[in-house]
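In what follows, a single structure is set out as structure tokens and then discussed.
In each ligand, atom 1 is the first atom listed, and ligand 1 is the first ligand listed.
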Amino acid sequence: MRLQKFLARAGVASRRGSEDLMTAGRVAVNGEIVTALGAKVDPKTDVVAVDGKVVHLDDGPRYIALNKPAGYVTTMDDPQGRPTVRELVPSDVPGLFPVGRLDLDTTGVLLFSTDGELAHKLLHPKYHVAKTYLVHLEGRPGRGDLDRLRSGIQLEDGPTKPAEVRVIKTGKGEPVVEITISEGRKRQVKRMFSAICHPVVRLHRVSFGPVSLEGLPEGQWRDLSAEEVAALRGTASERGE
Ligand code: URA
């Protein structure tokens, strides 16, 4: 890990501020002052100090957003040996796990955390965290079809809660619809559109609660900002009972 990243992760300063500390000659690794911005450290073995004071990595909870590509199973271990999302997130974070799941062929926002308590809340139906999807469909649904989704549609495991539905594209090619649901049942969006006889061709999750991709390329991850974590906590508690 780059030294400035280590310092930022440890809460010493921002990454930029950490670089300033380094170039000012205030950072030592194993007793040697390091000013080169490309310097790397092994957080498990190297002793990093700022102004002579040893800095430890904060072992607090970690929150990550991945822009999941198609073709990866949402699990940290697949007995069938298929590619898993584990390959796409940092390997040096013990206890990191996906918060909920996306189907093999679904792309977009997938959260990961080491914070089991928050994950549990985010996934619990009573907290109603909004999830928004862009859906490419087979055939053009009529207004009545979409209204059925808006008011709640019967699936084999019970009726769905009201959803927000917006038509994004009609005309040539596959129609595209945006849908926001607050539940997270297995294959729910696909089952909802199958129920109106317009099967999903492609499914992309645009946001999970307050977290969106914000230009994150497919297959890449980023740490959530402190504001995003606070907003997620707010989402998970404000509608709780
Ligand atoms: N709904 C689905 O049908 N699939 C997903 O991957 C996510 C939501």
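Protein residues lining ligand 1, listed by chain and number: L102, D103, T106, Y133, R187, Q188, V189, K190, L203 [non-hydrogen atoms, distance under 4.0 Å].
Screening H204, E218, R205 for a side-chain hydrogen bond (donor to acceptor under 3.5 Å, both in side chains) involving T107 leaves a single residue, H204. When each of V200, V206, V189 is paired with Y133, the side chain to side chain contact (heavy atoms under 4.5 Å, CB included) condition holds for V189 and for no other.
Between the side chain of D223 and the main chain of I64, no donor-acceptor pair closer than 3.5 Å is present.
For R202, the side-chain hydrogen bond (donor to acceptor under 3.5 Å, both in side chains) criterion is met by no residue, not counting sequence neighbours.
One finds a salt bridge joining R233 and D115 here, because a Lys/Arg side-chain nitrogen approaches an Asp/Glu carboxylate oxygen to under 4.0 Å.
Two residues are said to be in side-chain contact when any heavy atoms from C-beta on lie closer than 4.5 Å; T75 and P98 fail this criterion.
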